[in-house]
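Quick caveat: nothing in here was measured; it's all calculated off a predicted structure.
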Amino acid sequence: MLKPGERIFLERAIALSKQGMESGQGGPFGCVIVKNNEIIGEGVNKVTSSNDPTAHAEVVAIRQACKKLGTYQLDDCDIYASCEPCPMCLGAIYWARPRRVIYANTRHEAAAIEFDDDFIYDEINTAINDRKIPFIHVPDPGAKEIFTAWKNWEGKQQY
């Protein structure tokens, strides 16, 4: 449930989804990130206008908010999205570690307008050898050495 005064942030994400769509930037998706009742990042889907398949509204907003805060973590932040995040955005959200996510449309409603994220959700749980795009594991000692060096590196910053 939303607290008093929070609906304005969800409405802003919805307004952004309309603006982005009508301006030809990309699909009908918008996102707002809020900390201490202040918008610190917002985004619209820019996939087609930027030729960037990662330029989803949530990713655009996360990048903007992290830049503004000077950190890669969104501690104590809330994400308001016009639609339930896709698997890529879900991953980005978990890496950013916000407090919560509030969304309007569901992924099933997105599928009804031909944004079918369920295909990707299914692929995540599909055995690697059965995926639609082949994933080929080629072990390499040099790559393993770098992981070992990271594990033992005292100067690393965990994230």
Side-chain angles (χ1 to χ4, degrees), residues 1-3 6-35 39-69 71-140 143-144 147 150 158-159:
M1 220 49 203
L2 292 179
K3 298 173 192 165
E6 288 184 321
R7 177 160 285 282
I8 192 167
F9 301 123
L10 184 59
E11 289 171 357
R12 175 66 181 155
I14 294 165
L16 285 169
S17 72
K18 183 178 181 187
Q19 284 176 10
M21 177 187 72
E22 290 178 346
S23 68
Q25 292 185 71
F29 303 98
C31 181
V32 171
I33 300 177
V34 175
K35 184 170 186 168
I39 294 175
I40 58 165
E42 56 183 31
V44 299
N45 182 291
K46 296 181 179 184
V47 170
T48 56
S49 62
S50 66
N51 293 320
D52 179 355
T54 69
H56 289 201
E58 296 89 339
V59 172
V60 171
I62 287 169
R63 288 175 179 159
Q64 188 180 95
C66 287
K67 185 174 184 177
K68 180 172 184 169
L69 294 176
T71 181
Y72 52 87
Q73 303 278 266
L74 295 176
D75 298 328
D76 300 319
C77 293
D78 296 327
I79 295 178
Y80 295 84
S82 64
C83 187
E84 181 179 356
C86 76
M88 178 187 69
C89 294
L90 183 64
I93 288 166
Y94 271 91
W95 282 116
R97 295 177 176 89
R99 180 173 47 197
R100 62 189 180 142
V101 177
I102 299 94
Y103 61 92
N105 293 322
T106 69
R107 69 185 195 207
H108 306 291
E109 291 167 320
I113 61 166
E114 300 179 1
F115 288 94
D116 194 2
D117 300 342
D118 281 337
F119 166 73
I120 300 170
Y121 279 105
D122 291 342
E123 282 289 286
I124 290 168
N125 294 316
T126 298
I128 241 175
N129 293 334
D130 296 330
R131 290 183 180 164
K132 301 292 184 219
I133 297 174
F135 281 71
I136 302 160
H137 179 216
V138 181
D140 185 279
K144 186 68 171 176
F147 270 20
W150 172 261
Q158 292 285 10
Y159 60 97

Run the side chain to side chain contact (heavy atoms under 4.5 Å, CB included) check on K68 and I33 step by step: do they pass?
CA-CA 11 Å; K68 180 172 184 169; I33 300 177; over 6 Å; no
A111 and D116: which non-hydrogen atoms are nearest, and at how many Å?
CB-OD1, 4.1 Å
Decide side chain to side chain contact (heavy atoms under 4.5 Å, CB included) for H108 and D118; before the verdict, give the C-alpha distance in whole Å, the side-chain angles of both, and the deciding distance to 0.1 Å.
CA-CA 8 Å; H108 306 291; D118 281 337; 4.0 Å; yes
What distance separates N45 CG from S50 OG, expressed to the nearest 0.5 Å?
8.0 Å
Quick one: CD1 on I136 to CG on N129, what's the gap to the nearest 0.5 Å?
10.0 Å
Can you confirm whether H137 sits close enough to I128 that some side-chain heavy atom of one is under 4.5 Å from a side-chain heavy atom of the other?
no
Nearest 0.5 Å, what's the CG-CG distance between D117 and D122?
11.0 Å
Output the distance between atom CD1 (I93) and atom CG (L74), rounded to the nearest 0.5 Å.
9.5 Å
Close side-chain approach of I102 and E6, heavy atoms under 4.5 Å
no
Any sub-3.5 Å donor-acceptor pair from Q64's side-chain atoms to E42's backbone N or O?
yes
Answer yes when D52 and K46 have at least one side-chain N-carboxylate O distance shorter than 4.0 Å, and no when they do not.
no
Tell me if a side-chain donor or acceptor on E123 pairs with a main-chain N or O of K132 at a distance below 3.5 Å.
yes
Of all the heavy-atom pairs spanning E58 and C83, show the shortest one and how long it is.
OE2-O, 3.8 Å
Closest heavy-atom pair and its distance - W95, Q73
O-NE2, 3.1 Å
Side chains of C89 and V59: does their closest heavy-atom pair fall under 4.5 Å?
yes
What do you reckon, is CZ of R7 surrounded by more than 12 foreign heavy atoms closer than 6.0 Å?
no
Side chain to side chain contact (heavy atoms under 4.5 Å, CB included) between I120 and C86: does it pass, once the steps are laid out?
CA-CA 8 Å; I120 300 170; C86 76; over 6 Å; no
d(D75 CG, R99 CZ) to nearest 0.5 Å is 10.5 Å
Considering non-hydrogen atoms only, spot the tightest contact between A57 and G43 and give its length.
CB-O, 3.5 Å
Could you check whether any side-chain heavy atom of N105 comes within less than 4.5 Å of a side-chain heavy atom of S17, counting everything from C-beta outward?
no
pair P28-I113: side-chain heavy atoms closer than 4.5 Å
yes
Is any side-chain heavy atom of R107 closer than 4.5 Å to one of L90?
no
Please find the pair of heavy atoms, one from V60 and one from V44, that lie closest to each other, and give the distance.
CG2-O, 3.9 Å
Parallel, tilted or perpendicular: which fits the ring planes of Y80 and F9, with parallel below 30° and perpendicular above 60°?
tilted
What is the minimum heavy-atom distance between Y121 and P85, and which atoms define it?
OH-O, 3.1 Å
When you look at CD1 of I8, are more than 12 heavy atoms from neighbouring residues, nucleotides or ligands closer to it than 6.0 Å?
no
Between the CZ atom in F29 and the CD atom in E84, the distance rounded to the nearest 0.5 Å is 11.0 Å
From CA spacing to verdict: side chain to side chain contact (heavy atoms under 4.5 Å, CB included), C31, L16
CA-CA 7 Å; C31 181; L16 285 169; over 6 Å; no
